[in-house]
Structure formats: C-alpha cells, structure tokens
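What you see below is based on every heavy atom in this structure, not just the backbone, and it leaves out hydrogens, waters and symmetry mates.
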Amino acid sequence: MHKRIDWLLPAALALALFGCRSAVPEPELGICGDETLPGHTPNITRLDLAQYEFVPYGKAFSRRADGALELKLPELPGKPAWVFSSIGPVPVKPATHYRLEIAVAKNHRVDWSWFLEYSRSGGGTPHGSLLWRETGPGSSSGNVSCWDILTPSDATGLKLWFTLTEGQKPPVPGTKAVFNTIRLVELDTPEFVPASGELLPWQLSAQADGPASIAPEQGSFSNINPTVGTVDGETVLKLEFGKGKSLYAFLLSRPMNLNGALVSYRFEARGSGWLRPGIWWKRTPVEYFYSHGYPVALTPEWQTVELEQGCTDWLATQFALAFTNAGTDTVAEVRRIAVAVWLPKCK
C-alpha cells in the first residue's frame with residue numbers, strides 16, 4: 001500500500017513533526033517552512049543583490065476558511081524582481097520512489113521555479129535539484145501536477161523551495177496562488193546494482209595538457225576557456241567564466257537506460273568566484289533536462305563537492321556532469337572527478 005505524507009497537516013502534528021509554528025491556531029490545517037533565511041538555498045547564489053528577496057513562511061502563507069493554502073505576498077520594500085520561500089521539510093526514506101502531488105486551485109499570473117532540497121544523514125550541504133518551471137498567466141489553475149521523484153541514497157528529509165516573479169519584474173503584493181493539496185506519496189524502495197564498465201568516455205586523468213575537448217558542444221562554449229594542466233603532479237581541469245555568462249562545460253556519459261537510476265558525482269575544486277555543478281539528463285529524442293546542484297563558493301583551498309540525483313525520466317539515455325558559474329567572474333580548478341551509477345535491479 002502506498003504511504004502518503006501531507007504537507008497539509010493539523011497544526012499540532014505539524015509542530016510535533018517539524019518544530020515549526022503554524023501560522024493559524026488549532027484545529028485549522030497548517031504546514032511549515034523557513035522563517036529565517038538558512039545557510040543553503042538551492043540555485044540562488046546572488047542573495048546580496050536586489051533581484052532576490054527571501055519571504056518567511058509565516059508572511060507568505062495562510063490557511064483559508066475552505067482549508068486551501070493561500071500564498072499572499074506582502075509589500076516588499078526592496079522591490080525585488082524575484083522572491084523565494086520554502087515549504088517543509090518532511091521526512092523521507094533514502095533511495096525511495098515517491099510521487100509529489102500539487103493541486104493548484106488558482107495561479108495568479110506568475111512565473112514559477114520549484115526546487116527539491118534533500119537533507120542528508122551525514123549532514124553537510126544538502127542535495128538540490130530543479131523540479132519544475134512554469135511560465136505564463138494562470139497556466140496551472142485548477143490542475144493537479146504530479147512528479148515521480150527518487151530520493152538520494154543518504155536523504156533524510158525533503159523541502160520544497162520556489163522562486164516567483166511576474167515577467168522578471170517586482171511582484172505586486174497580494175494573492176499569487178491557492179493550493180488545495182501538497183502531498184508526498186511513497187511508492188516503493190527498489191533494489192539497486194552498480195553499473196559496470198566505463199561510465200565516462202572522457203577521463204580527466206587521460207587528457208594531455210592543453211585545451212580541453214569537452215564534447216559534444218565544444219564550439220558553442222569556447223569562450224569559457226576549458227583547459228587541462230598539471231598541478232603538483234596531478235591532472236587538473238581549469239575553467240574560466242566571465243561575469244554574467246551562464247555557459248557550461250560538461251562530461252557526457254556512455255548511453256544507458258537511466259530511468260530509476262541513482263547517479264553520484266564527486267570532485268574537488270578550488271579557485272575564486274562561484275562554481276555551480278549539476279547532473280543533467282540527456283533525453284531521446286528531445287534535449288537535456290537541466291538540473292543544478294548547490295552553488296559552491298570557491299576558496300584557495302581544495303574542497304570536496306558531492307551531488308547525487310535520482311532519475312525518473314523514461315526518455316533519459318545519458319547523463320552529463322556539468323559545470324557553470326553563478327553570475328560571477330569565476331576561475332576554477334577541478335580534480336579527482338568520480339562518478340558512480342546504481343541501476344534498479346530487474347525483478
């Protein structure tokens with residue numbers, strides 16, 4: 001039997017599970033989210049600039065008399081082009097399939113980006129990935145949207161983040177969306193086996209010093225200047241990004257059936273600026289589904305970066321390990337790139 005986790009919980013239960021204060025008194029339904037800006041937020045790196053502003057959960061959400069959850073923005077003195085907030089967390093099992101359901105009663109002409117954030121059993125930077133982007137007036141009103149997700153192997157909790165804008169202009173105060181339901185349904189916990197053979201045809205350790213031939217779209221990305229060099233006797237990939245450029249260098253895997261697979265990606269990096277890694281799913285016959293991990297503030301010291309994502313896309317036939325900046329001038333050195341893939345065991 002499928003197990004369901006509702007973000008629409010009685011206020012007392014929400015408080016007991018998550019330690020969050022409900023915005024409405026009992027026995028009204030309530031959920032929770034961040035009331036203060038946490039240290040990590042997925043895909044948002046320029047928090048010191050005016051175009052982003054964090055809105056605490058208690059100022060953004062309230063429960064209506066009919067039980068629906070209303071997102072209503074207050075007056076924001078900074079007039080940001082984008083606002084962001086969070087819902088959750090709820091506990092999840094590692095390496096488990098879930099279905100996320102969001103029933104939208106009304107969407108008031110806004111552009112959304114939704115992100116998943118997974119807390120990890122060992123602590124550290126959470127795993128993060130893009131869930132959904134939607135542009136256009138009222139395009140999801142009255143619909144129930146569902147996504148199958150596969151939690152990372154060390155996941156302990158799931159939080160939803162979203163960014164919101166109105167044509168990349170400051171959102172007008174007032175109601176922006178009404179949600180009937182936000183729930184998580186547990187589907188199954190599959191068995192996995194490690195993928196064998198060479199996963200990445202392009203291996204850093206096998207490259208000669210000089211320009212990095214990062215296939216297949218090297219020509220499109222020539223102005224990021226990827227090169228390979230030797231530092232302290234070790235082969236290093238060097239990447240230079242200009243300010244404001246969101247271009248990519250990426251390493252493409254060999255073809256394989258990735259639906260239901262877990263992909264783990266680890267490397268060491270140092271330098272200056274922000275580096276934003278990602279795991280993409282290359283689909284057939286369409287193109288990539290872009291999904292970024294948490295941005296990394298580079299320092300002169302080497303630091304280990306880890307990402308893990310589950311694939312629930314029937315069209316995915318390859319993955320790509322991606323690197324880009326985050327709107328800043330960035331110079332990065334990357335070494336010791338490692339990847340592992342766990343495939344669902346055939347029953």
Side-chain angles (χ1 to χ4, degrees), residues 39-40 42-43 45 94-95 115-130 150-156 192-207 212 214 226 228-239 241 248-254 256 258 261-271 273-282 288-311 316 318-326 330-343:
H40 296 288
N43 215 46
T45 59
F115 302 90
L116 302 174
E117 177 188 283
Y118 296 102
S119 53
R120 304 166 62 186
S121 57
T125 302
H127 297 300
S129 64
L130 173 69
L150 176 59
T151 59
S153 60
D154 58 354
T156 58
F192 291 92
V193 294
S196 59
E198 184 181 65
L199 299 175
L200 288 177
W202 193 97
Q203 291 290 326
L204 178 59
S205 59
Q207 305 302 310
I214 300 176
V228 172
T230 303
V231 177
D232 298 329
E234 191 166 5
T235 306
V236 171
L237 175 64
K238 186 173 182 179
L239 302 167
F241 300 90
Y248 303 88
F250 61 87
L251 314 179
L252 193 62
S253 76
R254 65 172 171 84
M256 65 185 81
L258 286 168
L262 285 169
V263 176
S264 176
Y265 170 27
R266 185 178 70 252
F267 60 92
E268 295 181 6
R270 70 179 182 183
W274 289 85
L275 184 68
R276 185 167 57 183
I279 300 175
W280 302 350
W281 309 119
K282 190 175 191 304
Y288 295 93
F289 180 82
Y290 300 86
S291 189
H292 303 292
Y294 273 82
V296 179
L298 297 172
T299 69
E301 304 300 322
W302 290 106
Q303 57 183 303
T304 300
V305 181
E306 295 179 297
L307 291 81
E308 186 176 317
Q309 290 186 23
C311 180
Q318 291 173 282
F319 63 85
L321 309 182
F323 303 92
T324 187
N325 64 338
T330 296
V331 177
E333 291 181 337
V334 175
R335 70 180 185 182
R336 301 178 184 176
I337 300 171
V339 63
V341 177
W342 290 271
L343 301 173

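Counting only heavy atoms from C-beta outward, the side chains of D154 and P94 never approach each other to under 4.5 Å. In this structure, the side chains of R276 and V296 stay at 4.5 Å or more apart for every pair of heavy atoms. The side-chain heavy atoms of I279 and E308, taken from C-beta on, include no pair separated by under 4.5 Å. Put simply, the side chain of L239 does not reach to within 4.5 Å of the side chain of T330, judged on heavy atoms. In this structure the side chain of F323 reaches within 4.5 angstrom of the side chain of I337, judged on heavy atoms.
Remark: L204 CG to R336 CZ distance equals 11.0 Å, nearest 0.5 Å. R335 CZ to T230 OG1: the interatomic distance, rounded to the nearest 0.5 Å, is 13.0 Å. Here the CZ-CD distance, from R270 to E301, works out to 8.0 Å after rounding to the nearest 0.5 Å. Taking CH2 from W274 and CG from N325, the interatomic distance works out to 12.0 Å, rounded to the nearest 0.5 Å. One finds the CH2 atom of W202 at 13.0 Å from the CG atom of L252 (value rounded to the nearest 0.5 Å). Once rounded to the nearest 0.5 Å, the distance linking CG of L275 with CZ of F267 reads 5.0 Å.
Taking each heavy atom of E117 and P126 in turn, the nearest pair found is CG-CB, 3.7 Å. F319 approaches V341 most closely through the heavy-atom pair CE2-CG2, 3.6 Å. Among all heavy-atom pairs drawn from C311 and L150, the shortest one is N-CD2, 4.2 Å. The shortest non-hydrogen separation linking P277 to V305 is CG-CG1, 4.0 Å.
Atom CZ of R266 is surrounded by 12 or fewer heavy atoms from other residues, nucleotides or ligands within 6.0 Å. When the shell of 6.0 Å around CD of E198 is examined, it contains more than 12 heavy atoms from other residues, nucleotides or ligands.
A side chain to side chain contact (heavy atoms under 4.5 Å, CB included) with W342 is found for exactly one of V193, L262, V263, namely L262.
In this structure, Q303 contributes its side chain and A269 its backbone to no donor-acceptor pair below 3.5 Å. Within the 3.5 Å criterion, the main-chain N or O of Q203 finds a donor-acceptor partner in the side chain of Q207. In this structure, T151 contributes its side chain and A95 its backbone to a donor-acceptor pair below 3.5 Å.
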Start with the C-alpha gap between T156 and S119, add the side-chain angles, then the distance that decides, and say whether side chain to side chain donor-acceptor pair (under 3.5 Å) holds.
CA-CA 6 Å; T156 58; S119 53; 3.0 Å; yes
Y265 and Q309: side chain to side chain contact (heavy atoms under 4.5 Å, CB included), yes or no, with the steps?
CA-CA 9 Å; Y265 170 27; Q309 290 186 23; over 6 Å; no
Test side chain to side chain contact (heavy atoms under 4.5 Å, CB included) on L199 and M256 and set out the steps.
CA-CA 9 Å; L199 299 175; M256 65 185 81; 3.9 Å; yes
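Under the 4.0 Å criterion applied to side-chain N and carboxylate O atoms, R120 and E306 are assigned as salt-bridge partners.
The aromatic rings of F250 and W280 sit tilted relative to each other, their planes meeting at an angle between 30° and 60°.
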